[in-house]
Amino acid sequence: MQSTRPTPPGIIIAAPSSNSGKTVITLALLRALTRKGHAIAAAKTGPDYIDPAFQSAACRGSCINLDPWAMSPAQIRSLSTNHGADKSFLMCEGVMGLFDGAANGTGSTADLAAMTGWPVVLVVDVKGQSASAAALISGFASFREDINIAGVILNRVGSARHTQMIMDACATHLPDIPIIGAVRRNDALLLPERHLGLVQAGEHPELETFLDHAADIIAEDIDLDAFVGLTKAQNAPMPAPAASTVASHDIAPLGRHIAIARDAAFAFSYAHLLEGWRRAGAEISFFSPLADETPNSDCDAIYLPGGYPELHAAKLAAAGAFKASLRTAAENGVVIYGECGGFMTLGTHLTDADGSCHEMLGLLPLATSFATRKLHLGYREATLAIETPFGPAGTVLRGHEFHYATTLTQTGSSFCQMRNATGDDLGPAGLVQGRVFGSFFHMVAQG
């Protein structure tokens with residue numbers, strides 16, 4: 001039965017633009033406040049697999065995605081309510097700039113703030129500006145009347161004098177918006193990146209040390225009590241949705257027992273998706289293709305999520321037991337579904353960034369390459385062209401695409417018709433062969 005609990009207290013960490021430092025500040029705040037005894041539920045706005053893993057490590061808990069473009073208000077309220085149960089409050093990191101979303105402007109962090117009533121703390125990179133920072137904050141604070149910028153964190157300040165100049169300008173022109181911290185420029189607050197974002201949390205050799213050091217810095221530069229106090233600035237929460245409304249946006253399970261690939265090559269699966277499958281009665285088990293493991297012999301479905309198979313193509317090509325087990329499963333009629341990296345692995349060959357060609361599973365007539373990279377990015381709406389475990393033909397799924405792969409060859413039947421966020425028809429997408437299917441599309445919710 002759907003919970004009737006009110007939306008939990010929450011706070012959103014946002015910024016005027018990407019690369020303002022909001023991710024590291026969010027991580028440092030999570031770790032610093034967790035060390036002080038606050039039980040915090042972590043969340044990330046929009047489609048992102050990498051940042052939630054860091055947030056989970058920082059708060060020693062779990063992190064969910066809340067996507068105001070792909071998810072309905074009812075689903076967002078249900079997810080945040082359940083995730084925030086028994087927690088002090090929910091801390092949600094924004095995506096891109098505060099007002100940036102899909103191509104048509106929807107699905108922004110500001111939309112999530114308006115939907116939930118959670119106050120916003122704006123992280124402003126003030127490098128190269130002083131009083132101008134106050135003008136920027138003023139513009140963001142007045143841009144939309146349905147959100148509340150409750151506080152500001154100045155990031156990458158150069159000196160005490162630099163901080164004071166900005167504080168004075170804000171006190172004069174923005175007396176009602178508190179500056180709750182000024183974080184010094186510090187190379188210790190940088191995380192390594194690669195082509196899809198940060199290097200994954202599980203690959204960071206000194207992650208705990210980094211998080212603790214970042215928390216030490218933040219505890220000196222930000223008024224933690226003032227930050228927590230801002231959670232009380234919540235606007236009117238959303239009304240409780242009907243249980244049927246929430247359930248209608250859950251994606252049906254791939255099978256009764258779903259074996260899911262999980263390791264550094266296949267790390268991109270959404271927590272809310274797997275939890276929804278569990279609620280629907282599905283059993284879930286995990287296996288590592290990189291360790292040459294095979295899926296559970298009792299499974300009737302196999303899910304290869306996205307990740308970085310291009311960085312591990314040689315090892316995957318040499319994983320004899322894994323490859324043989326997937327081919328046998330396909331012959332036996334087991335449903336096999338691949339998303340993005342998983343889709344490429346289902347193909348015949350994958351060429352890595354160095355130009356080396358590696359044999360993949362050969363279950364779909366597809367060859368892909370990273371030798372020449374091309375960015376494919378954006379929200380997507382997929383209409384199923386065939387019946388799948390996710391629903392009959394005509395079922396609409398909402399999600400996104402984010403990859404750099406080039407398709408060398410692709411033949412056979414597609415399994416869906418794809419549109420972008422503005423409704424433009426992108427044509428047929430993905431492939432299906434027997435009970436094996438996949439595409440570059442990452443599903444988030446049913447439309």
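Reckoned from all heavy atoms, side chains included, excluding hydrogens, waters and symmetry mates. Everything numeric here is computed off the predicted structure, so don't read it as measured data. All residue numbers in this chain count up from 1 along the given sequence.
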Would you compute the distance between atom [atom1] of [X] and atom [atom2] of [Y] and round it to the nearest 0.5 angstrom?
X: Leu426; Y: Asn420; atom1: CG; atom2: CG; value: 5.0 Å
X: His272; Y: Ser78; atom1: NE2; atom2: OG; value: 11.0 Å
X: Ser285; Y: Asp298; atom1: OG; atom2: CG; value: 8.5 Å
X: Asp212; Y: Glu206; atom1: CG; atom2: CD; value: 11.5 Å

Q: Starting from the C-alpha separation in whole Å, work towards a yes-or-no answer on side-chain contact (heavy atoms from CB on, under 4.5 Å) for Leu290 and Leu316.
A: CA-CA 6 Å; Leu290 289 180; Leu316 289 172; 3.8 Å; yes

Backbone N/O of [Y] and side chain of [X]: donor-acceptor pair under 3.5 Å:
X: Asp111; Y: Trp69; answer: no
X: Asp250; Y: Gly276; answer: no
X: Asp300; Y: Gly255; answer: no
X: Thr406; Y: Thr372; answer: yes
X: Lys44; Y: Gly94; answer: yes
X: Thr116; Y: Leu112; answer: yes
X: His400; Y: Leu377; answer: no

Q.
side chain to side chain donor-acceptor pair (under 3.5 Å) for Ser356 and Asp354? Distances and angles first, verdict last.
A. CA-CA 6 Å; Ser356 299; Asp354 295 328; 5.8 Å; no

Q: Just say parallel, tilted or perpendicular for the rings of Phe266 and Phe322, cut-offs at 30° and 60°.
A: tilted

Student check: side-chain heavy atoms of [X] and [Y] closer than 4.5 Å:
X: Ile12; Y: Ile147; result: no
X: Phe441; Y: Cys416; result: no
X: Arg184; Y: Glu220; result: yes
X: Leu224; Y: Ile218; result: yes
X: Lys232; Y: Pro9; result: no
X: Val24; Y: Phe210; result: yes

Could you tell me whether [X] and [Y] make a salt bridge, using a distance below 4.0 angstrom between a side-chain N and a carboxylate O?
X: Glu293; Y: Arg262; result: no
X: Asp216; Y: Arg35; result: yes
X: Arg327; Y: Glu359; result: yes
X: Arg144; Y: Asp146; result: yes

Q. Is the number of heavy atoms from other residues, nucleotides or ligands within 6.0 Å of CG (Asp425) greater than 12?
A. yes

**Q.** Asn332, CG: over 12 other non-hydrogen atoms inside 6.0 angstrom
**A.** yes

(Q) Please identify which of these residues, Pro253, Pro305, Ser269, meets the side chain to side chain contact (heavy atoms under 4.5 Å, CB included) condition with Leu274. (A) Ser269

Q. Only one of Asp125, Asp221, Asp187 forms a salt bridge (Lys or Arg N to Asp or Glu O under 4.0 Å) with Arg156, so which one is it?
A. Asp125

Q. Under 3.5 Å, is there a donor-acceptor pair linking the side chains of Thr422 and Asp424?
A. yes

Q. Do Glu339 and Tyr337 meet the criterion of a side-chain donor-acceptor pair at a distance under 3.5 Å?
A. yes

Q) For the rings on Phe99 and Phe140, is their centre-to-centre separation under 6.0 Å? A) yes

Could you give the side-chain donor-acceptor pairs of residues 427-435 under 3.5 Å, partners two or more places apart or in another chain?
unit_1	atom_1	unit_2	atom_2	d
Gln433	NE2	Leu363	O	3.4
Arg435	NE	Gly333	O	2.5

Q. Checking ring-ring contact (aromatic ring centres under 6.0 Å, His included) against Tyr49, which of Phe54, Phe402, Tyr308, Tyr270 comes through?
A. Tyr270

Q) So Phe370 and Met344, side-chain contact (heavy atoms from CB on, under 4.5 Å) or not? Walk me through it. A) CA-CA 11 Å; Phe370 279 81; Met344 294 186 286; 3.6 Å; yes

